[in-house]
Amino acid sequence: LGSREDRGVWGGAMVRVMGMSGADAPEKMEAVGRLNRFPMPGRIPVASFLVTLSVLLLDSTCFLPHPVSAHAGAPPPPDVAALKSGPEALVGLPSSQVRKNYHTRLKAWSERATTYRRNLSLAEVDLLPLTRLRAYEFAAADPAAAVAAAPPRLAVCALAEASVQEREAARVEARLQGSAGLHAVLILRDLWVYGSLNPFTLEAMMRQRRSKLKADNGGTEPTDEEVCLALVDSSTRSNPAWDKAAEEHQQVGYALETAQLYLVPVFGITFLGYMIQVLRSFRSCCGPSSSKCSKD
(Lines give C-alpha, C1' and ligand atoms only; values in the text may rest on other atoms or scores of the structure.)
Protein backbone atom coordinates (compact mmCIF):
# COMPACT_ATOMS: atom_id res chain seq x y z
CA LEU A 1 0.00 0.00 0.00
CA GLY A 2 1.26 3.48 -0.84
CA SER A 3 4.00 2.39 -3.29
CA ARG A 4 4.53 4.22 -6.58
CA GLU A 5 3.34 1.14 -8.50
CA ASP A 6 0.11 1.01 -6.50
CA ARG A 7 -0.45 4.71 -7.07
CA GLY A 8 0.10 4.22 -10.80
CA VAL A 9 -2.47 1.42 -10.94
CA TRP A 10 -4.91 3.50 -8.86
CA GLY A 11 -4.38 6.53 -11.11
CA GLY A 12 -4.83 4.41 -14.23
CA ALA A 13 -8.11 3.06 -12.91
CA MET A 14 -9.26 6.60 -12.19
CA VAL A 15 -8.32 7.61 -15.77
CA ARG A 16 -10.45 4.84 -17.21
CA VAL A 17 -13.37 5.66 -14.93
CA MET A 18 -13.26 9.41 -15.58
CA GLY A 19 -12.45 9.15 -19.30
CA MET A 20 -9.93 11.31 -21.09
CA SER A 21 -11.77 12.30 -24.24
CA GLY A 22 -13.22 15.74 -24.77
CA ALA A 23 -12.24 19.26 -23.96
CA ASP A 24 -12.03 18.58 -20.21
CA ALA A 25 -9.26 15.96 -20.58
CA PRO A 26 -6.45 18.28 -19.30
CA GLU A 27 -8.40 19.16 -16.14
CA LYS A 28 -9.07 15.48 -15.48
CA MET A 29 -5.43 14.61 -15.99
CA GLU A 30 -4.43 17.31 -13.51
CA ALA A 31 -6.92 15.98 -10.95
CA VAL A 32 -5.54 12.45 -11.30
CA GLY A 33 -2.00 13.81 -10.95
CA ARG A 34 -2.90 15.48 -7.66
CA LEU A 35 -4.54 12.26 -6.48
CA ASN A 36 -1.40 10.25 -7.20
CA ARG A 37 0.69 12.49 -4.94
CA PHE A 38 -1.14 11.19 -1.82
CA PRO A 39 -0.61 7.50 -1.02
CA MET A 40 -3.26 5.12 0.19
CA PRO A 41 -3.24 4.70 4.01
CA GLY A 42 -0.40 2.35 4.92
CA ARG A 43 0.90 0.63 8.00
CA ILE A 44 1.47 3.72 10.15
CA PRO A 45 -2.06 5.23 9.99
CA VAL A 46 -3.72 1.80 10.06
CA ALA A 47 -1.71 0.80 13.13
CA SER A 48 -2.48 4.15 14.79
CA PHE A 49 -6.18 3.67 14.16
CA LEU A 50 -6.22 0.09 15.45
CA VAL A 51 -4.26 0.94 18.62
CA THR A 52 -6.44 3.92 19.55
CA LEU A 53 -9.59 1.96 18.69
CA SER A 54 -8.41 -0.90 20.93
CA VAL A 55 -7.85 1.54 23.81
CA LEU A 56 -11.35 2.94 23.25
CA LEU A 57 -12.91 -0.55 23.33
CA LEU A 58 -10.98 -1.53 26.48
CA ASP A 59 -11.98 1.68 28.25
CA SER A 60 -15.63 1.54 27.19
CA THR A 61 -15.87 -2.03 28.55
CA CYS A 62 -14.00 -1.16 31.82
CA PHE A 63 -10.97 -3.38 31.04
CA LEU A 64 -8.48 -0.51 30.74
CA PRO A 65 -6.58 -0.10 34.05
CA HIS A 66 -6.57 3.25 35.79
CA PRO A 67 -3.25 5.08 36.31
CA VAL A 68 -3.60 5.24 40.12
CA SER A 69 -5.48 3.39 42.85
CA ALA A 70 -7.77 4.71 45.56
CA HIS A 71 -6.39 7.02 48.28
CA ALA A 72 -7.09 6.95 51.99
CA GLY A 73 -9.41 9.74 53.05
CA ALA A 74 -10.04 11.43 56.37
CA PRO A 75 -9.89 9.12 59.39
CA PRO A 76 -13.31 7.80 60.41
CA PRO A 77 -14.85 8.83 63.74
CA PRO A 78 -13.43 6.72 66.60
CA ASP A 79 -16.82 5.17 67.38
CA VAL A 80 -17.19 3.68 63.88
CA ALA A 81 -13.54 3.10 62.95
CA ALA A 82 -13.72 -0.59 63.76
CA LEU A 83 -16.98 -1.03 61.85
CA LYS A 84 -15.98 0.88 58.74
CA SER A 85 -15.38 -1.26 55.66
CA GLY A 86 -14.24 -0.22 52.24
CA PRO A 87 -17.00 0.95 49.87
CA GLU A 88 -18.08 -1.36 47.10
CA ALA A 89 -16.12 -0.64 43.94
CA LEU A 90 -18.18 1.23 41.37
CA VAL A 91 -16.90 1.31 37.80
CA GLY A 92 -18.27 2.18 34.40
CA LEU A 93 -20.47 5.06 35.55
CA PRO A 94 -21.42 8.06 33.37
CA SER A 95 -20.09 11.44 34.45
CA SER A 96 -23.47 12.55 35.83
CA GLN A 97 -23.57 9.62 38.28
CA VAL A 98 -19.88 10.04 39.12
CA ARG A 99 -20.47 13.69 39.98
CA LYS A 100 -23.50 12.78 42.09
CA ASN A 101 -21.44 10.29 44.11
CA TYR A 102 -18.69 12.88 44.49
CA HIS A 103 -21.16 15.44 45.84
CA THR A 104 -22.58 12.86 48.26
CA ARG A 105 -19.16 12.19 49.75
CA LEU A 106 -18.30 15.90 49.97
CA LYS A 107 -21.64 16.59 51.66
CA ALA A 108 -21.03 13.87 54.26
CA TRP A 109 -17.61 15.34 55.05
CA SER A 110 -19.02 18.88 55.11
CA GLU A 111 -21.48 17.90 57.85
CA ARG A 112 -18.73 16.27 59.87
CA ALA A 113 -16.32 19.19 59.35
CA THR A 114 -19.04 21.62 60.45
CA THR A 115 -19.41 19.67 63.68
CA TYR A 116 -15.67 19.85 64.27
CA ARG A 117 -15.55 23.59 63.52
CA ARG A 118 -18.20 24.22 66.15
CA ASN A 119 -16.33 22.05 68.64
CA LEU A 120 -12.57 22.20 68.07
CA SER A 121 -12.01 20.28 71.27
CA LEU A 122 -13.71 17.30 69.63
CA ALA A 123 -11.49 17.73 66.55
CA GLU A 124 -8.43 17.81 68.82
CA VAL A 125 -9.48 14.53 70.45
CA ASP A 126 -10.47 12.77 67.19
CA LEU A 127 -7.94 14.07 64.68
CA LEU A 128 -4.74 15.33 66.34
CA PRO A 129 -3.60 11.91 67.70
CA LEU A 130 -4.03 10.36 64.23
CA THR A 131 -2.13 13.12 62.43
CA ARG A 132 0.69 12.84 64.98
CA LEU A 133 0.83 9.07 64.54
CA ARG A 134 1.07 9.40 60.75
CA ALA A 135 3.74 12.07 61.08
CA TYR A 136 5.88 9.94 63.40
CA GLU A 137 5.53 6.88 61.16
CA PHE A 138 6.59 8.97 58.17
CA ALA A 139 9.54 10.45 60.05
CA ALA A 140 10.67 6.98 61.16
CA ALA A 141 10.63 5.77 57.56
CA ASP A 142 12.46 8.89 56.31
CA PRO A 143 14.42 10.66 59.10
CA ALA A 144 15.60 13.38 56.72
CA ALA A 145 11.97 14.47 56.31
CA ALA A 146 11.22 14.54 60.05
CA VAL A 147 10.91 18.31 60.14
CA ALA A 148 8.50 18.41 57.19
CA ALA A 149 6.47 15.64 58.84
CA ALA A 150 5.87 17.60 62.04
CA PRO A 151 2.22 17.27 63.08
CA PRO A 152 -0.10 20.29 63.17
CA ARG A 153 0.02 22.30 66.39
CA LEU A 154 -3.56 23.54 66.05
CA ALA A 155 -6.72 21.44 66.07
CA VAL A 156 -8.10 23.52 63.20
CA CYS A 157 -5.02 22.62 61.13
CA ALA A 158 -5.52 18.95 61.92
CA LEU A 159 -9.07 19.45 60.61
CA ALA A 160 -7.65 21.15 57.51
CA GLU A 161 -5.31 18.20 56.92
CA ALA A 162 -8.20 15.75 57.22
CA SER A 163 -10.25 17.92 54.85
CA VAL A 164 -7.48 17.95 52.23
CA GLN A 165 -7.12 14.17 52.52
CA GLU A 166 -10.84 13.61 52.20
CA ARG A 167 -11.16 15.94 49.20
CA GLU A 168 -8.26 14.20 47.43
CA ALA A 169 -9.67 10.73 48.23
CA ALA A 170 -13.10 11.78 46.95
CA ARG A 171 -11.54 13.16 43.76
CA VAL A 172 -9.60 9.96 43.04
CA GLU A 173 -12.58 7.77 43.94
CA ALA A 174 -14.75 9.70 41.47
CA ARG A 175 -12.14 9.37 38.71
CA LEU A 176 -11.89 5.62 39.32
CA GLN A 177 -15.63 5.30 38.71
CA GLY A 178 -15.39 6.79 35.21
CA SER A 179 -13.14 6.50 32.16
CA ALA A 180 -9.51 5.44 32.68
CA GLY A 181 -8.47 7.53 29.70
CA LEU A 182 -10.14 10.62 31.15
CA HIS A 183 -8.48 9.84 34.49
CA ALA A 184 -5.05 9.94 32.81
CA VAL A 185 -5.92 13.20 31.04
CA LEU A 186 -6.98 14.78 34.34
CA ILE A 187 -3.68 13.77 35.95
CA LEU A 188 -1.83 15.47 33.09
CA ARG A 189 -4.09 18.51 33.58
CA ASP A 190 -3.13 18.63 37.27
CA LEU A 191 0.54 18.49 36.26
CA TRP A 192 0.03 21.34 33.78
CA VAL A 193 -1.99 23.55 36.14
CA TYR A 194 -0.18 22.89 39.44
CA GLY A 195 3.26 21.80 38.18
CA SER A 196 3.21 18.64 40.29
CA LEU A 197 1.88 15.07 40.13
CA ASN A 198 0.88 15.37 43.79
CA PRO A 199 -0.37 18.95 44.22
CA PHE A 200 -2.97 18.29 46.91
CA THR A 201 -0.78 17.80 49.98
CA LEU A 202 -1.44 19.89 53.07
CA GLU A 203 1.76 21.91 52.61
CA ALA A 204 1.06 22.68 48.95
CA MET A 205 -2.56 23.61 49.60
CA MET A 206 -1.58 25.85 52.53
CA ARG A 207 0.95 27.72 50.40
CA GLN A 208 -1.63 28.22 47.68
CA ARG A 209 -4.34 29.34 50.10
CA ARG A 210 -1.95 31.59 52.03
CA SER A 211 -0.93 33.35 48.82
CA LYS A 212 -4.58 33.88 47.84
CA LEU A 213 -5.56 35.22 51.26
CA LYS A 214 -2.55 37.55 51.28
CA ALA A 215 -3.57 38.96 47.90
CA ASP A 216 -7.19 39.38 49.04
CA ASN A 217 -6.08 41.14 52.25
CA GLY A 218 -3.92 43.73 50.50
CA GLY A 219 -0.61 42.08 51.32
CA THR A 220 -1.33 41.32 54.98
CA GLU A 221 0.12 37.95 56.00
CA PRO A 222 -2.65 35.59 57.23
CA THR A 223 -2.21 33.45 60.33
CA ASP A 224 -1.99 29.67 60.22
CA GLU A 225 -5.45 29.44 61.78
CA GLU A 226 -6.97 31.63 59.04
CA VAL A 227 -5.30 29.56 56.32
CA CYS A 228 -6.49 26.30 57.85
CA LEU A 229 -10.06 27.57 58.22
CA ALA A 230 -10.05 28.64 54.55
CA LEU A 231 -8.86 25.16 53.56
CA VAL A 232 -11.66 23.54 55.53
CA ASP A 233 -14.23 25.76 53.80
CA SER A 234 -12.87 25.12 50.30
CA SER A 235 -12.59 21.35 50.75
CA THR A 236 -16.36 20.89 50.58
CA ARG A 237 -16.92 22.79 47.31
CA SER A 238 -16.76 21.15 43.89
CA ASN A 239 -15.77 22.62 40.53
CA PRO A 240 -18.80 24.40 38.95
CA ALA A 241 -17.50 23.86 35.40
CA TRP A 242 -17.30 20.10 35.87
CA ASP A 243 -20.74 20.07 37.51
CA LYS A 244 -22.24 21.84 34.50
CA ALA A 245 -20.53 19.48 32.04
CA ALA A 246 -21.83 16.46 33.96
CA GLU A 247 -25.40 17.83 33.93
CA GLU A 248 -25.26 18.20 30.14
CA HIS A 249 -24.54 14.46 29.77
CA GLN A 250 -27.17 13.12 32.16
CA GLN A 251 -28.94 11.06 29.46
CA VAL A 252 -25.74 9.55 28.02
CA GLY A 253 -24.57 6.07 29.07
CA TYR A 254 -20.99 5.24 29.99
CA ALA A 255 -20.07 3.41 26.75
CA LEU A 256 -21.43 6.16 24.49
CA GLU A 257 -19.91 8.91 26.60
CA THR A 258 -16.50 7.20 26.49
CA ALA A 259 -16.77 6.78 22.71
CA GLN A 260 -17.47 10.51 22.39
CA LEU A 261 -14.39 11.30 24.50
CA TYR A 262 -12.20 9.20 22.20
CA LEU A 263 -13.68 10.42 18.91
CA VAL A 264 -11.24 13.30 18.39
CA PRO A 265 -8.14 11.41 19.67
CA VAL A 266 -8.83 8.37 17.46
CA PHE A 267 -9.14 10.34 14.24
CA GLY A 268 -6.51 12.89 15.27
CA ILE A 269 -3.86 10.24 15.94
CA THR A 270 -4.85 8.38 12.77
CA PHE A 271 -4.50 11.57 10.73
CA LEU A 272 -1.13 12.27 12.35
CA GLY A 273 0.01 8.76 11.38
CA TYR A 274 -1.15 9.36 7.82
CA MET A 275 0.72 12.67 7.61
CA ILE A 276 3.88 10.92 8.83
CA GLN A 277 3.43 8.39 6.03
CA VAL A 278 2.94 11.17 3.47
CA LEU A 279 6.09 12.96 4.63
CA ARG A 280 8.12 9.76 4.51
CA SER A 281 6.79 9.01 1.03
CA PHE A 282 7.64 12.54 -0.11
CA ARG A 283 11.19 12.29 1.27
CA SER A 284 11.77 8.92 -0.39
CA CYS A 285 10.41 10.24 -3.70
CA CYS A 286 11.71 13.79 -3.80
CA GLY A 287 14.63 13.77 -1.40
CA PRO A 288 18.05 15.22 -2.28
CA SER A 289 19.35 11.78 -3.34
CA SER A 290 16.35 11.00 -5.56
CA SER A 291 16.34 11.45 -9.32
CA LYS A 292 12.58 11.13 -9.63
CA CYS A 293 11.63 14.70 -8.75
CA SER A 294 11.73 15.91 -12.30
CA LYS A 295 9.36 13.15 -13.32
CA ASP A 296 6.88 14.02 -10.58
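The distance from the CG atom of Asp233 to the SG atom of Cys228 is 11.5 Å, given to the nearest 0.5 Å.
Side-chain heavy atoms closer than 4.5 Å link hydrophobic residues (I, L, V, M, F, W, Y) into clusters, and following such links, possibly through other members, connects Trp192 to Tyr194. A continuous path of ILVMFWY side-chain contacts below 4.5 Å connects Leu58 to Leu53, so both sit in one hydrophobic cluster. When the side chains of ILVMFWY residues are joined at heavy-atom separations under 4.5 Å, either directly or via intervening members, Phe63 and Val55 end up in a single hydrophobic cluster. The hydrophobic cluster containing Val264 does not contain Leu50, counting ILVMFWY residues as joined when their side-chain heavy atoms lie under 4.5 angstrom apart, directly or transitively.
Two residues are said to be in side-chain contact when any heavy atoms from C-beta on lie closer than 4.5 Å; Leu93 and Leu90 meet this criterion. In this structure, Val91 and Gln177 have side chains that are not in contact, with every pair of non-hydrogen atoms separated by 4.5 Å or more. Considering only heavy atoms from C-beta on, Thr220 stays 4.5 Å or farther from Lys214 through its side chain.
Not a single salt bridge (Lys or Arg N to Asp or Glu O under 4.0 Å) links Glu111 to another residue, sequence neighbours left out.
Between Ala180 and Pro65 the shortest heavy-atom distance is CB-O, 3.7 Å. Annotation for Ile44 and Gly273: closest pair CG2-O, 3.3 Å, computed over non-hydrogen atoms. When all heavy atoms of Arg105 and Ala169 are compared, the pair lying nearest together is NH2-CB, 3.4 Å. Considering all non-hydrogen atoms of both residues, Pro199 and Met205 come closest at O-SD, 3.8 Å.
A cation-pi contact, defined as under 6.0 Å to the ring centre and within 45° of the axis, is absent between Arg167 and Phe200.
Distance alone, capped at 3.5 Å, is enough to place a donor-acceptor pair between the Glu226 side chain and the Thr223 backbone. Looking at Asn217, its side chain does come within 3.5 Å of a backbone N or O of Leu213 through a donor-acceptor pair. A distance-only check finds a donor-acceptor pair linking the side chain of Glu257 to the backbone of Ser95 [under 3.5 Å]. Between the side chain of Asp59 and the main chain of Leu64, no donor-acceptor pair closer than 3.5 Å is present. Under a 3.5 Å cut-off, the side chain of Ser110 and the backbone N or O of Leu106 do not form any donor-acceptor pair. Listed for the Gln277 side chain is a donor-acceptor partner under 3.5 Å among the backbone atoms of Gly42. No side-chain donor-acceptor contact under 3.5 Å links Arg210 to the backbone of Val227. A donor-acceptor distance shorter than 3.5 angstrom exists from the side chain of Thr61 to the backbone of Leu57, with no hydrogens or angles considered.
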**Request:** Determine, stepwise, if the pair Asp224 / Arg209 fulfils salt bridge (Lys or Arg N to Asp or Glu O under 4.0 Å).
**Result:** CA-CA 10 Å; Asp224 287 347; Arg209 187 59 55 178; over 6 Å; no
